[in-house]
Student: 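One structure, pasted below without further comment.
Numbers here simply count residues along the sequence, with the first being 1. From a predicted model like this one, the values you see are computed outputs, not experimental measurements. As the structure lists them, so they are numbered: ligands from 1, and atoms in each ligand from 1.
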Amino acid sequence: MVSRNVDRLITLEEHIIQSQNRFRGATGELSQLLRDIGLAAKIVSREVNKAGITNILGLEGSENVHGEHVKKLDVFANEQMRHALSRSQITCMMVSEEDDEPVKMESSSGKYIVFVDPLDGSSNIDVNVSIGTIFSIFRRKSHRADLPDDDDILQSGLEQVAGGYVLYGSSTILAYTTGLGVSVFTLDPSIGEFFLSDNNIQIPEHGSYYSINEGSFTTWSKGLQEYIKSCKVEDKDSGKPYSARYIGSMVADVHRTLLKGGIFIYPATQKHPNGKLRLMYECNPLAFIIEQAGGMATDGAQRILEIQPNEIHQSTPILLGSPKNVEEAERYMKAYAEEGVAG
Ligand code: AHG
Ligand code: MN
Ligand code: MN
């Protein structure tokens, strides 16, 4: 359940500083980094809101490393994030969905590595449906005098220092966690300030929404097919079948799941045998948020956060949401896998 403990308006900046005071020895660098991300979010939000009138819609003309058409807004958001992260010399490396290789920042002695999906849900830009930005922050392991190396970049999600997202929806919200619960802020566009709107969000233990691209049904594992079929029959508690919801922007589907409960799945399919969603800048930060809210995020067998990455752009199947729903889905998938049913 969402606890609304907002007696007076608390800004993102105030909240970050208050949280920083809970960490002994904090230098304020992470706080500054989060504030920089907040600034980039406001600039992207402004651009998203006037996208239709500034001719920014449509293809930029190039393809990204995944062979996808890049939209102008993807490029814009990527640039804003890079500018924001270079402001305070705290980030030594940025890894983005839109950049083939990790981008070294001017300050190679910076303490943090930031992973980002600058614009999630690009196929929804042209149709005015919610999109977002997702970020994940790690502390480098190497000495600050050295150049960052692979051990700095390929850390498991358990080592995230912070993770979060911005959702450009009917309002713009920013959610983040540093491992002390999940806080959500809503942008007041008239004064350009994020205010705390929900603190310590807890995901419902069980929910009655399922969220998956059912167009790929025939290419799923038998276990997953049977699980989704079971969502369509009467639930023993509510007496009703689940409702289907699929926006096609992971960040928006996950935000709804966080607030309303249920399950979001992007599984292995014939076209995407390792799933489609990227571990480092889509799955890890959203798994961190969902776990901090009392939910679960797995690849069907293992916690997302425990996956040891070997490549910055690798993808993974993902199931996340209310713990009871995720456990139930895993039960189906494991049962059929044990029976040796293909897929
Ligand atoms: P991106 O726009 O960053 O490439 O991400 C799109 C992703 C994700 O947001 C969404 O959940 C998924 O693509 C939708 O994919 P399908 O169209 O295959 O369902
Ligand atoms: Mn994405
Ligand atoms: Mn993207």
Student: Could a heavy atom of L119 be found less than 4.0 Å from some atom of ligand 1?
Tutor: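 Yes, that is the case, since the closest heavy atom of the residue is under 4.0 Å from the ligand.
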
Student: Inspect the contact between E106 and R87 and indicate whether a charged nitrogen and a carboxylate oxygen are less than 4.0 angstrom apart.
Tutor: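 No, no charged N to carboxylate O under 4.0 Å.
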
Student: Taking 2.8 Å as the cut-off, does L119 contribute an N, O or S atom near the Mn ion (ligand 3), distance below it?
Tutor: yes

Student: For L277, counting its heavy atoms only, list the atoms of ligand 1 lying under 4.0 Å from any of them.
Tutor: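 Those of ligand 1 that fall under 4.0 Å from L277 are 7 (C), 8 (C).
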
Student: Which atoms of ligand 1 are found less than 4.0 Å from any heavy atom of D117?
Tutor: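 The list of qualifying atoms is 3 (O).
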
Student: Between ligand 1 and G121, is the shortest N or O to N or O distance under 3.5 Å?
Tutor: yes

Student: Looking at D117, pick out the N, O or S atom nearest to the Mn ion (ligand 3) and give its name.
Tutor: OD1

Student: Looking at E98 and R82, does any basic side-chain N land under 4.0 Å from a carboxylate oxygen?
Tutor: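 Salt bridge absent between E98 and R82.
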
Student: Would you call E159-R139 a salt bridge at under 4.0 Å N-O?
Tutor: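 The answer is no: the pair does not qualify as a salt bridge.
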
Student: Between D74 and the Mn ion (ligand 3), is there a contact where an N/O/S atom of the residue lies under 2.8 Å from the metal?
Tutor: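 Checking the Mn ion (ligand 3) against D74, no N, O or S atom falls under 2.8 Å.
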
Student: Does I247 come within less than 4.0 angstrom of ligand 1, counting non-hydrogen atoms of the residue?
Tutor: no

Student: Considering only heavy atoms of N213, which atoms of ligand 1 have at least one such atom less than 4.0 Å away?
Tutor: 16 (P), 17 (O), 18 (O), 19 (O)

Student: Is there a donor-acceptor contact under 3.5 Å linking the side chains of D152 and S142?
Tutor: yes

Student: Give the atom numbers and elements of ligand 1 that come within less than 4.0 Å of a heavy atom of M250.
Tutor: 8 (C), 9 (O), 10 (C), 11 (O)

Student: Should the ring pair Y336 and Y332 be called parallel, tilted or perpendicular, given that the plane angle runs from 0 to 90° and is split at 30 and 60?
Tutor: parallel

Student: Determine, using the 4.5 Å side-chain heavy-atom cutoff (strictly less than), whether V182 and F288 are members of one ILVMFWY cluster.
Tutor: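 V182 does not cluster with F288.
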
Student: So does K324 pair up with E328, basic N to acidic O under 4.0 Å?
Tutor: no

Student: For F138 and F115, I'd like to know if the aromatic rings sit close, meaning centre-to-centre distance below 6.0 Å.
Tutor: yes

Student: Between F194 and H15, is the ring centroid distance below 6.0 Å?
Tutor: no

Student: Taking 4.0 angstrom as the limit, do K240 and E234 come out as a salt bridge?
Tutor: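 No, no charged N to carboxylate O under 4.0 Å.
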
Student: In plain terms, say whether E29 and R144 are close enough for a salt bridge, that is, a side-chain N and a carboxylate O under 4.0 Å apart.
Tutor: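 A salt bridge links E29 with R144.
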
Student: Answer yes or no for E97: is there an N/O/S atom below the 2.8 Å cut-off from the Mn ion (ligand 3)?
Tutor: yes

Student: Which N/O/S atom belongs to D120 and is the closest one to the Mn ion (ligand 2)?
Tutor: OD1

Student: Need the ligand 1 atom indices (1-based, order shown) with element for anything under 4.0 Å from a heavy-atom of S249.
Tutor: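 Per the distance check, 9 (O).
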
Student: Mark up the atoms of ligand 1 that fall under 4.0 Å of a heavy atom belonging to E282, in ascending order.
Tutor: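 Answer, ordered by atom number: 3 (O), 5 (O).
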
Student: Considering only heavy atoms of E97, which atoms of ligand 1 have at least one such atom less than 4.0 Å away?
Tutor: 1 (P), 3 (O), 4 (O)

Student: Would you name the N/O/S atom of E282 that lies closest to the Mn ion (ligand 2)?
Tutor: OE2

Student: Taking only heavy atoms of S122 into account, list the atoms of ligand 1 that are under 4.0 Å away from them.
Tutor: 1 (P), 2 (O)

